[in-house]
There are 2 protein chains.
Amino acid sequence: MLTYMLQVKDIPNAEILQKFADRYPQTDIKSVMTFLNLLRVGSDLSHGLNSYLAGYDLLQGRWWVLLLLMREDDLSSTPSLLAEKAGVSRATMTGLLDGLLREKLISRVHGRRDRRQILIRLTAKGQAKLDEVMPGYYQRVNLLMQALTETEALNLMSLLEKIYQRRHVFEDDPILNK
Amino acid sequence: MLTYMLQVKDIPNAEILQKFADRYPQTDIKSVMTFLNLLRVGSDLSHGLNSYLAGYDLLQGRWWVLLLLMREDDLSSTPSLLAEKAGVSRATMTGLLDGLLREKLISRVHGRRDRRQILIRLTAKGQAKLDEVMPGYYQRVNLLMQALTETEALNLMSLLEKIYQRRHVFEDDPILNK
DNA sequence: TTGACATAGTTAGGTGGCTAACTATATGCT
DNA sequence: AGCATATAGTTAGCCACCTAACTATGTCAA
């Protein structure tokens with residue numbers, strides 16, 4: 001799932017950033033503004049998607065789990081694999097599956113070969129829920145992306161890719177000297 | 001604060017999307033891929049920022065609250081204003097402030113004029129925490145953004161802005177017919 | 001002036017994240 | 001065969017988000 005933080009309504013403007021730059025000389029105002037804008041656009045879109053899904057009682061991560069199951073030829077997977085593909089902990093996945101099970105959108109059976117495993121399967125009701133949600137989702141994504149021409153979209157992808165390659169700067173020991 | 005969801009490790013590839021497109025003819029594969037990539041880059045950067053902050057015991061939203069306070073000339077604000085500027089509910093802000101107060105990074109005094117109000121103030125300890133965190137934050141943002149030339153960064157901002165203007169497509173009643 | 005309405009903040013209860021610690025089952029080495 | 005280690009899943013307890021309902025205080029107009 002996509003898990004963001006910071007729903008910045010109020011990104012600092014250049015004036016405020018200048019104040020911070022006075023105290024922290026490392027500050028590069030343009031970099032910070034670009035960075036925060038990128039985060040904000042992603043965060044707002046993510047919130048928009050959520051509110052769309054909420055209209056179908058599909059809170060956040062549960063939708064993604066259903067999609068992961070639908071991708072599989074036998075509509076099945078295990079909690080561990082789902083957790084890995086969704087990028088959440090196994091503990092979180094337990095909670096998501098509990099909720100989906102309560103609404104009977106998935107079923108669970110104990111594994112035969114490996115008795116530690118549990119097999120999660122998309123039910124007919126789960127598939128029906130996706131059939132209800134997905135057309136509107138795709139329509140909205142199309143509408144959103146019509147903001148860009150095809151060339152612009154490719155351009156955006158390539159710019160994002162350049163940034164994405166440096167995503168590890170925030171980790172423990174980035175090489176900070178260029 | 002920036003609040004994302006979905007930490008998609010596993011964005012569907014073109015082949016999987018084709019499978020979905022067979023069932024849901026609305027699907028425009030390029031649009032969906034661009035959309036999910038944008039969300040993923042934002043989400044991963046947001047997670048990176050978080051893990052950086054976690055190294056300083058500054059969990060997520062609390063950092064943003066400290067920054068909002070530091071912006072103010074008197075280092076002070078009220079829970080309501082902070083909630084609005086951070087884009088969270090007043091209830092959430094109550095919880096964040098409780099945590100910050102426990103660590104003495106802020107102080108709270110009852111308002112004199114309006115006795116419903118509470119005045120939140122950045123303490124010296126809170127300022128010291130920011131002084132510890134911010135230089136490394138700015139360094140990392142700079143390093144990240146050096147992935148783009150100045151022209152590319154401006155280009156990115158303008159592309160994001162075009163998408164941002166359509167952020168309401170996910171809301172209740174978007175005009176879906178062009 | 002008093003009663004209706006609005007605003008500030010908190011509390012309760014739900015979701016969705018996390019880590020750490022636990023149980024149960026496999027696996028694999030000696 | 002038996003023990004160490006690894007893996008699957010759950011539980012407990014924390015943080016950060018939400019809405020709805022509540023208390024206390026202000027405001028304003030009849």
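Bear in mind the structure is a predicted one, so any value in this text is a computation, not a measurement. In the text below, chain A, chain B and the rest are named by the order of the sequence lines, each starting its count at 1.
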Heavy-atom closest pair, residues B:L38 and A:L38: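 Heavy atoms of B:L38 and A:L38 come nearest at CD1-CD1, 4.0 Å.
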CZ on A:R71 to CD on B:E15, rounded to 0.5 Å: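 Output value for this atom pair is 11.0 Å.
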Residues which pass side chain to side chain donor-acceptor pair (under 3.5 Å) with A:D74, listed by chain and number, not counting sequence neighbours: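 Scan of A:D74 (side chain to side chain donor-acceptor pair (under 3.5 Å), adjacent residues dropped) gives none.
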[X] has an atom [atom1]; how far is it from atom [atom2] of [N], in whole Å?
| X | N | atom1 | atom2 | value |
| --- | --- | --- | --- | --- |
| B:R102 | D:dC14 | CZ | P | 10 Å |
| A:R62 | C:dT15 | CZ | C1' | 7 Å |
| A:D57 | C:dG16 | CG | P | 11 Å |
| B:H47 | C:dT19 | NE2 | P | 11 Å |

Taking ring pair (Phe, Tyr, Trp, His ring centres under 6.0 Å) as the test, write out the residues that go with [X], two or more places apart.
| X | result |
| --- | --- |
| B:F20 | none |
| B:Y52 | B:Y56 |
| B:Y137 | B:W63 |

Over 12 foreign heavy atoms within 6.0 Å of NZ, B:K19: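 Atom NZ in B:K19 is crowded, with more than 12 foreign heavy atoms closer than 6.0 Å.
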Bend angle of the helix from C:dT1-D:dA30 to C:dT30-D:dA1, from helix axes over five pairs at each end, nearest 10°: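 Comparing the first five pairs with the last five, the axes sit 0° apart.
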Close N/O contacts between protein and nucleotides 7-13 of chain C (under 3.5 Å):
{"unit_1": "C:dT7", "atom_1": "O2", "unit_2": "B:R116", "atom_2": "NH1", "d": "2.5"}
{"unit_1": "C:dG9", "atom_1": "OP1", "unit_2": "B:I118", "atom_2": "N", "d": "2.8"}
{"unit_1": "C:dG9", "atom_1": "OP1", "unit_2": "B:I118", "atom_2": "O", "d": "3.3"}
{"unit_1": "C:dG9", "atom_1": "OP2", "unit_2": "B:S80", "atom_2": "N", "d": "2.7"}
{"unit_1": "C:dG9", "atom_1": "OP2", "unit_2": "B:S80", "atom_2": "OG", "d": "2.7"}
{"unit_1": "C:dG9", "atom_1": "N7", "unit_2": "B:R90", "atom_2": "NE", "d": "3.0"}
{"unit_1": "C:dG9", "atom_1": "N7", "unit_2": "B:R90", "atom_2": "NH2", "d": "3.0"}
{"unit_1": "C:dG9", "atom_1": "O6", "unit_2": "B:R90", "atom_2": "NH2", "d": "3.2"}
{"unit_1": "C:dT10", "atom_1": "OP1", "unit_2": "B:R108", "atom_2": "NH2", "d": "2.5"}
{"unit_1": "C:dT10", "atom_1": "OP2", "unit_2": "B:T94", "atom_2": "OG1", "d": "2.8"}

B:Q18 versus B:D22, side-chain donor and acceptor atoms under 3.5 Å: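 Yes, B:Q18 and B:D22 have a side-chain donor paired with an acceptor closer than 3.5 Å.
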